[in-house]
J.: 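Can you keep this structure in mind? I'll have questions shortly.
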Amino acid sequence: MASVGEVSWLLGIVAWYIIRYPFERRAKRVRVVRDYRSLSEKIALSVAFFGMAILPAFYVATGIPSGADYTPRLWAIAAGIAVFVFGLWVFRRAHKDLGRNWSVTLEIRDQHKFVSRGLYRFVRHPMYASFLLVGLAQALLLPNWVAGMSGLIGFAVLFLMRVNVEERMMLDNFGDEYRAYCGTTKRIIPYIY
Ligand code: SAH
């Protein structure tokens, strides 16, 4: 049963990349006019990538660290698959809603438009919400304390190191419009946080 969880995680991550790839290609064609990247931003992105991709992929390929394994549960695997599918749906919708304003990092693009439609009506950071869901799915699908939990830790590092800087950048560029928007939306969980 452990391998069902591992294969599901692998399929989910491949689907994640298939969803992202066309947006990444398109983004290369839109000029960046203001770059807010910093060393801490690069560290945050690397930690998230390590925790959500490298470490779990290494575990799925080698079974290391096997000392941290625990008994897999059917309910956890079923819930993990459901959460992953929902996370992928949110991830795709957020990309579509942001359109040409999307960036993997913190930057303002040529003719950047402030988006408050679609999922952005409910939360300011649906893409980070989807990372939280994918991290949760990883914890449910991989019955290993290290490889399972590393996704949520990677997400937390990226989110906490970025969210304030990103909101300040949006305020800098969109002023009152963004301030009013912050008053009517939550960050990642509708109506809660
Ligand atoms: N934090 C958002 C977006 C992540 S992508 C989310 O989780 O869904 C990061 C880039 O998106 C940033 O560089 C910023 O330029 C852009 N961005 C973030 N919120 C935006 C918004 N409401 N409208 C337009 N662009 C936005």
J.: Cluster question for you: counting only ILVMFWY and a side-chain heavy-atom cut-off of under 4.5 Å, with indirect links fine, are Leu136 and Val47 together?
T.: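 No.
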
J.: Just checking, is any N or O donor in the side chain of Glu177 or Ser116 under 3.5 Å from an acceptor N or O on the other one?
T.: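 Checked: Glu177/Ser116 side chains show no N/O donor-acceptor pair below 3.5 Å.
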
J.: Verify the cluster assignment for Tyr17 and Tyr128: are they in a single hydrophobic cluster under the rule of side-chain heavy atoms below 4.5 Å apart?
T.: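 Result: yes, single cluster for both.
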
J.: Would you compute the distance between atom CG of Leu132 and atom CZ of Phe155 and round it to the nearest 0.5 angstrom?
T.: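 Nearest 0.5 Å value for the CG-CZ distance: 4.5 Å.
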
J.: To the nearest 0.5 angstrom, please state how far the CG atom of Leu142 sits from the OG atom of Ser150.
T.: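 Those atoms lie 8.0 Å apart.
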
J.: Closest heavy-atom contact between Ala48 and Leu158?
T.: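 Scanning both residues completely, I find the closest heavy atoms to be CB-CB, 3.9 Å.
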
J.: Just to verify, what does Tyr181 make a side chain to side chain donor-acceptor pair (under 3.5 Å) with, not counting sequence neighbours?
T.: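 For Tyr181, no residue satisfies side chain to side chain donor-acceptor pair (under 3.5 Å) once neighbours in sequence are set aside.
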
J.: Kindly give the heavy-atom pair with the smallest separation between Trp9 and Ala57, and that separation in Å.
T.: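 Closest heavy-atom pair between Trp9 and Ala57: CH2-N, 3.6 Å.
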
J.: Does any pair with a residue in residues 46-56 pass side chain to side chain donor-acceptor pair (under 3.5 Å), and if so which ones, sequence neighbours excluded?
T.: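 Qualifying pairs, neighbours excluded: none.
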
J.: Could you walk me through whether His112 and Asn173 pass side-chain contact (heavy atoms from CB on, under 4.5 Å), step by step?
T.: CA-CA 9 Å; His112 200 118; Asn173 287 277; over 6 Å; no

J.: For Tyr120, enumerate each residue passing the ring-ring contact (aromatic ring centres under 6.0 Å, His included) test, keeping only those at least two apart in sequence or located in another chain.
T.: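 Tyr120 satisfies ring-ring contact (aromatic ring centres under 6.0 Å, His included) with no other residue.
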
J.: After noting the C-alpha distance and the side-chain angles of Met161 and Glu41, does the key distance pass the side-chain contact (heavy atoms from CB on, under 4.5 Å) rule?
T.: CA-CA 7 Å; Met161 285 179 79; Glu41 162 76 7; over 6 Å; no

J.: Nearest heavy-atom pair of Ala68 and Val146: which atoms, and what distance?
T.: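 Smallest heavy-atom distance, with atoms named: CB-CG2, 3.8 Å.
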
J.: Which atom names give the shortest non-hydrogen contact between Ser8 and Ile81, and what distance separates them?
T.: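 Reported closest heavy-atom pair: OG-CD1, 3.6 Å.
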
J.: Can Arg124 and Glu166 be counted as an ion pair, charged N to O under 4.0 angstrom?
T.: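 Salt bridge absent between Arg124 and Glu166.
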
J.: Determine which pairs satisfy salt bridge (Lys or Arg N to Asp or Glu O under 4.0 Å) with at least one residue from residues 137-149, sequence neighbours left out, and list them in order.
T.: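 Sorted pair list comes back empty.
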
J.: Go through Phe114 and Met170 one step at a time and tell me if the side-chain contact (heavy atoms from CB on, under 4.5 Å) criterion holds.
T.: CA-CA 8 Å; Phe114 160 60; Met170 293 300 288; 4.1 Å; yes

J.: Within this structure, what is the OG1-CZ distance for the pair Thr184 and Arg121, rounded to the nearest 0.5 Å?
T.: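 Interatomic distance, Thr184 OG1 to Arg121 CZ, rounded to 0.5 Å: 10.5 Å.
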
J.: Can you get from Ile18 to Tyr21 by hopping between Ile, Leu, Val, Met, Phe, Trp and Tyr side chains that sit under 4.5 Å apart?
T.: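 No: no chain of side-chain contacts under 4.5 Å links Ile18 to Tyr21.
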
J.: About how many Å separate CD1 of Ile108 and CG of Asp172, when rounded to the nearest 0.5 Å?
T.: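 Separation between the atoms: 8.5 Å.
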
J.: Are there more than 12 heavy atoms of other residues, nucleotides or ligands under 6.0 Å from atom OH of Tyr70?
T.: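 Yes, because the 6.0 Å sphere around OH of Tyr70 holds more than 12 heavy atoms from other groups.
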
J.: Between atom CZ of Arg34 and atom CG of Leu106, what is the distance when rounded to the nearest 0.5 Å?
T.: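 Interatomic distance, Arg34 CZ to Leu106 CG, rounded to 0.5 Å: 13.5 Å.
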
J.: Identify each donor-acceptor pair in which a side-chain atom of residues 82-104 lies under 3.5 Å from a protein atom, sequence neighbours left out, and give them as a table.
T.:
unit_1, atom_1, unit_2, atom_2, d
Arg93, NH2, Asp97, OD1, 3.3
His95, ND1, Phe91, O, 2.9
His95, NE2, Arg20, NE, 3.3
His95, NE2, Arg20, NH2, 3.2
Asp97, OD2, Leu119, N, 2.8
Arg100, NH1, Asp110, O, 3.0
Arg100, NH1, Gln111, O, 3.3
Arg100, NH2, Asp110, O, 3.2
Asn101, OD1, Lys113, N, 2.9
Asn101, ND2, Leu98, O, 3.1
Asn101, ND2, Lys113, O, 3.4
Ser103, OG, Glu107, OE2, 3.2
Ser103, OG, Arg109, NE, 2.9
Ser103, OG, Arg109, NH2, 3.2

J.: Transitively linked via ILVMFWY side-chain contacts under 4.5 Å: Ile54 with Leu45?
T.: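 Not linked; separate clusters.
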
J.: Just verifying a value: how many Å separate Glu6 CD and Asn144 CG, rounded to the nearest 0.5 Å?
T.: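 CG of Asn144 is found 8.5 Å from CD of Glu6.
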
J.: Apart from Phe58 itself, what residues make up its hydrophobic cluster when side-chain heavy atoms of I, L, V, M, F, W and Y under 4.5 Å apart count as a link, directly or indirectly?
T.: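 Phe58 clusters with Ile64.
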
J.: Check for me, please, whether Leu55 and Met52 land in the same ILVMFWY cluster - side-chain distances under 4.5 Å, paths through other members count.
T.: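 Per the 4.5 Å side-chain linkage, Leu55 and Met52 are not co-clustered.
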
J.: With no hydrogens and no angle check, is any side-chain donor or acceptor of Gln138 less than 3.5 Å from a backbone partner on Gly51?
T.: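 Side chain of Gln138 to backbone of Gly51: a pair is present.
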
J.: Can you name the closest pair of heavy atoms from Ile188 and His125 and give their distance?
T.: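 Smallest interatomic distance, heavy atoms only, reads CG2-O, 3.5 Å.
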
J.: So which heavy atom on Ile192 is nearest to which on Lys186, and how close?
T.: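 For Ile192 and Lys186, the tightest heavy-atom pair comes out as N-CG, 3.8 Å.
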
J.: Between Arg168 and Tyr36, is a side-chain contact (heavy atoms from CB on, under 4.5 Å) present by the stated rule, with each step listed?
T.: CA-CA 10 Å; Arg168 219 171 309 126; Tyr36 288 74; over 6 Å; no

